[in-house]
Amino acid sequence: MSTYLLVHGAWHSGQAWERVVPLLASAGHRVLAPSLTGHGDTTHLLSREVGLDTHVDDIVGLIIEEDLTEVVLVGHSYAGMVISSAANQVPDRIAHLVYLDAMVPEDGESAADVMPAAQVLIDRAARSDTGWRVPPLPEMPPPFGLFGVTDPADVAWLRTMLSDQSVRCLQQPVRLDNPAMDTILRTHIDCVVGRPEGFVRRPVPAMQPDGTPSQVWELPTGHDCMVTMPAELTELLLKLG
């Protein structure tokens with residue numbers, strides 16, 4: 001039995017994994033899909049002080065509280081930042097890092113460094129009434145849809161779990177200064193359909209930090225593959241457990 005810890009991206013909640021969790025669990029694995037502070041059942045906790053560090057603390061705290069080991073830690077989108085910093089703090093508890101259409105930072109980088117288009121969102125937040133709230137990206141015509149989701153029923157369901165993000169999440173840098181983190185296996189899963197202009201994925205280095213070739217898989221779907229291709233995504237994740 002493996003332990004999968006699934007971390008949602010910006011604006012989403014743990015509910016985003018609802019179609020994947022039972023598939024992994026039915027294969028005999030333990031699965032956790034928490035909502036980060038300010039999202040899901042904790043939307044009332046969102047404030048200008050919530051940032052990347054808050055979300056890293058969420059994940060590290062859960063790992064320690066539940067005494068999780070040999071974790072397959074999956075981060076979607078913005079959560080690539082979260083899982084990287086979390087693994088930096090507890091590398092001995094992580095068996096595999098999975099970057100699911102995710103940001104892959106270097107030490108000291110913020111989300112805006114990894115994906116410069118995020119600076120537009122930061123600037124908009126600064127001009128808004130609150131000065132710190134970043135609303136979800138709007139729905140776009142196919143094939144972009146709402147975070148890559150185009151089916152009307154799925155879009156309606158996705159909307160129920162979306163909420164504002166704090167701008168601090170896009171501004172705080174990751175800390176990746178623990179050499180032990182370099183030994184953790186890594187896999188990158190890229191969604192290759194419907195990426196809006198300006199949201200450019202940074203190329204994955206040919207070699208992992210431990211000197212082995214990078215493992216990169218692709219899914220022929222939009223960004224929120226846990227909604228649009230849960231079975232196919234689960235099949236890939238099960239190869240890592």
Side-chain angles (χ1 to χ4, degrees), residues 6-14 16 34-40 42-61 73-89 97-140 144 146-149 158-159 161-177 188 190-191 194-204 222-224 226:
L6 312 177
V7 188
H8 65 82
W11 303 294
H12 291 58
S13 75
S35 290
L36 299 173
T37 297
H39 301 279
T42 65
T43 53
H44 61 287
L45 298 179
L46 185 68
S47 73
R48 68 170 62 247
E49 300 306 318
V50 171
L52 173 62
D53 288 350
T54 311
H55 294 158
V56 173
D57 289 345
D58 288 340
I59 298 305
V60 172
L73 184 56
V74 183
H76 178 240
S77 194
Y78 153 79
M81 309 287 291
V82 179
I83 66 170
S84 296
S85 272
N88 188 70
Q89 292 191 33
L97 288 171
V98 183
Y99 292 89
L100 180 57
D101 216 36
M103 297 182 180
V104 185
E106 300 290 341
D107 184 33
E109 288 188 322
S110 69
D113 293 320
V114 178
M115 186 169 287
Q119 187 60 50
V120 175
L121 306 179
I122 293 172
D123 294 342
R124 286 177 184 170
R127 296 192 299 268
S128 70
D129 292 340
T130 66
W132 60 270
R133 281 184 175 269
V134 181
L137 298 178
E139 184 178 0
M140 301 173 66
F144 308 113
L146 184 63
F147 295 100
V149 178
L158 180 58
R159 287 189 186 281
M161 69 185 78
L162 298 179
S163 59
D164 290 354
Q165 188 94 354
S166 169
V167 72
R168 193 173 177 86
C169 298
L170 305 178
Q171 296 171 315
Q172 281 190 321
V174 297
R175 291 191 293 271
L176 307 178
D177 54 3
H188 303 262
D190 294 341
C191 301
R195 181 170 297 276
E197 185 177 351
F199 287 83
V200 179
R201 183 190 300 112
R202 175 182 288 176
V204 175
H223 186 55
D224 277 7
M226 70 287 294

Quick one, Val174 with Val82, criterion side-chain contact (heavy atoms from CB on, under 4.5 Å). Give me CA distance, side-chain angles, the key distance, then yes/no. CA-CA 8 Å; Val174 297; Val82 179; over 6 Å; no

What's the shortest heavy-atom distance between [X] and [Y], and which atoms?
| X | Y | answer |
| --- | --- | --- |
| Ala111 | Ala118 | O-CB, 4.3 Å |
| Ser163 | Pro136 | O-CG, 3.8 Å |
| Leu162 | Phe147 | CD1-CE1, 3.9 Å |
| Phe144 | Met140 | CB-CB, 3.8 Å |
| Ser128 | Gly131 | OG-N, 3.1 Å |

With sequence neighbours left out, what residues match Trp132 under ring pair (Phe, Tyr, Trp, His ring centres under 6.0 Å)?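 Listed in chain order: nothing, the list is empty.
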
[atom1]/[X] to [atom2]/[Y] distance, rounded to the nearest 0.5 angstrom?
| X | Y | atom1 | atom2 | result |
| --- | --- | --- | --- | --- |
| Thr37 | Leu45 | OG1 | CG | 6.5 Å |
| Asp224 | Leu146 | CG | CG | 7.5 Å |
| Ser110 | Gln119 | OG | CD | 8.0 Å |
| Thr54 | Asp57 | OG1 | CG | 6.5 Å |
| Met161 | Ser35 | CE | OG | 9.5 Å |
| Leu52 | Ser166 | CG | OG | 11.0 Å |

Do Asp101 and His188 have side-chain atoms, one donor and one acceptor, less than 3.5 Å apart?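 No - no donor-acceptor pair under 3.5 Å links their side chains.
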
Walk me through whether Leu36 and Ile59 qualify under side-chain contact (heavy atoms from CB on, under 4.5 Å). CA-CA 8 Å; Leu36 299 173; Ile59 298 305; 3.9 Å; yes

Among Gln165, His12, His8, side chain to side chain donor-acceptor pair (under 3.5 Å) partner for His39: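 Per the side chain to side chain donor-acceptor pair (under 3.5 Å) rule, the option paired with His39 is Gln165, out of Gln165, His12, His8.
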
Does Trp11 form a side-chain contact (heavy atoms from CB on, under 4.5 Å) with Val134? I'd like the steps, not just the answer. CA-CA 9 Å; Trp11 303 294; Val134 181; 3.7 Å; yes

Name the atoms and distances for all side-chain donor-acceptor pairs under 3.5 Å in residues 74-81, with sequence neighbours left out.
unit_1	atom_1	unit_2	atom_2	d
His76	NE2	His223	O	2.9
Ser77	OG	His223	NE2	2.9
Tyr78	OH	His55	ND1	2.9

Qualifying salt bridge (Lys or Arg N to Asp or Glu O under 4.0 Å) pairs, either residue in residues 113-137, two or more places apart: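 Salt bridge (Lys or Arg N to Asp or Glu O under 4.0 Å) check on residues 113-137 returns Arg133-Asp164.
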
Within the 4.5 Å heavy-atom criterion, are Leu73 and Val7 side-chain neighbours or not?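 Yes, at least one pair of side-chain atoms sits under 4.5 Å.
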
Does the side chain of Met226 reach to within under 4.5 Å of the side chain of Leu6, using non-hydrogen atoms?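 With C-beta onward as the side chain, the pair stays apart.
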
Stepwise, does the salt bridge (charged side-chain N to carboxylate O under 4.0 Å, His left out) test hold for Glu109 with Arg202? CA-CA 13 Å; Glu109 288 188 322; Arg202 175 182 288 176; 2.9 Å; yes

Considering only NZ, NE, NH1 and NH2 on the basic side and carboxylate oxygens on the acidic side, decide whether Asp53 and Arg168 come within less than 4.0 Å.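 Here Asp53 does not pair with Arg168 in a salt bridge, since their nearest N and O are not under 4.0 Å apart.
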
Where do Val104 and Val114 land on the side-chain contact (heavy atoms from CB on, under 4.5 Å) test, with the steps shown first? CA-CA 7 Å; Val104 185; Val114 178; 5.7 Å; no

